[in-house]
Amino acid sequence: DNVPKLYANLLLKFDSWYEPLETPGLCSILNAMLLEGTKKRSKKNLVEELEKHGVRVGSKIGSLSMSMLKEHAHKSFELATDIIANPSFD
């Protein structure tokens, strides 16, 4: 495969270590919802944009990993920023 790709792993200060004792499991629930859409993009729109730009996103507690086509790196990080900074949690 000769297509130029980039990989990124964004580490977040977001895991069970920082979770309040009165809300066990909160980070797991929020992590599961990260790719459910943002305040600017519905889940459907977000998935369509990720696919259109060749971006693959995965999340686990404490990180967001991405693989992308190099030519779409700027848009990929724009989408990642939206996912992290503006989750809708609907």
Side-chain angles (χ1 to χ4, degrees):
D1 188 355
N2 292 327
V3 178
K5 294 179 185 173
L6 297 174
Y7 300 91
N9 191 30
L10 308 171
L11 301 177
L12 310 170
K13 192 175 181 180
F14 174 77
D15 64 31
S16 57
W17 178 258
Y18 301 102
E19 209 169 60
L21 293 175
E22 60 274 4
T23 56
L26 178 64
C27 286
S28 294
I29 293 167
L30 294 177
N31 180 70
M33 296 178 68
L34 266 183
L35 300 176
E36 295 295 312
T38 71
K39 293 175 185 168
K40 297 193 284 187
R41 295 173 173 92
S42 67
K43 178 179 181 175
K44 181 179 186 258
N45 183 257
L46 179 61
V47 168
E48 287 172 353
E49 283 198 62
L50 291 168
E51 288 178 357
K52 176 182 174 182
H53 297 287
V55 184
R56 301 288 179 258
V57 177
S59 67
K60 62 180 185 177
I61 296 175
S63 71
L64 186 75
S65 58
M66 301 177 3
S67 66
M68 68 206 84
L69 299 174
K70 184 177 179 181
E71 67 187 86
H72 296 296
H74 181 28
K75 184 66 173 184
S76 301
F77 284 107
E78 177 189 312
L79 292 168
T81 299
D82 193 29
I83 291 167
I84 294 167
N86 301 305
S88 65
F89 298 127
D90 288 339

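Everything numeric here is computed off the predicted structure, so don't read it as measured data.
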Mind checking the CE-CG spacing from Met66 to Asn9? Nearest 0.5 Å is all I need.
10.0 Å

Return the minimal non-hydrogen interatomic distance between Leu50 and Leu79, and the atom names on each side.
CD2-CD1, 3.8 Å

For Lys52, enumerate each residue passing the salt bridge (Lys or Arg N to Asp or Glu O under 4.0 Å) test, keeping only those at least two apart in sequence or located in another chain.
none

Nearest heavy atoms of Ala73 and Met68, plus distance in Å
CA-SD, 3.9 Å

What's the spacing between Ser59 OG and Leu30 CG if we round to 0.5 Å?
11.0 Å

Rounded to the nearest 0.5 Å, what separates atom NZ in Lys60 from atom OG in Ser65?
7.5 Å

Please, which pairs that meet ring-ring contact (aromatic ring centres under 6.0 Å, His included) have at least one residue in residues 54-81, sequence neighbours excluded?
His53-His72

Atom of Pro24, atom of Glu22 and distance for their closest heavy-atom approach
CD-C, 3.4 Å

Rounded to the nearest 0.5 Å, what separates atom OG1 in Thr81 from atom CG in Leu64?
9.5 Å

Nearest heavy atoms of Leu34 and Ile83, plus distance in Å:
O-CG2, 3.6 Å

Nearest 0.5 Å, please: how far is CG in Leu46 from NZ in Lys40?
11.0 Å

I need the Glu71 CD to Ser76 OG distance, nearest 0.5 Å.
9.5 Å

May I ask you to test the Glu49-Lys75 pair for a side-chain heavy-atom distance under 4.5 Å?
yes

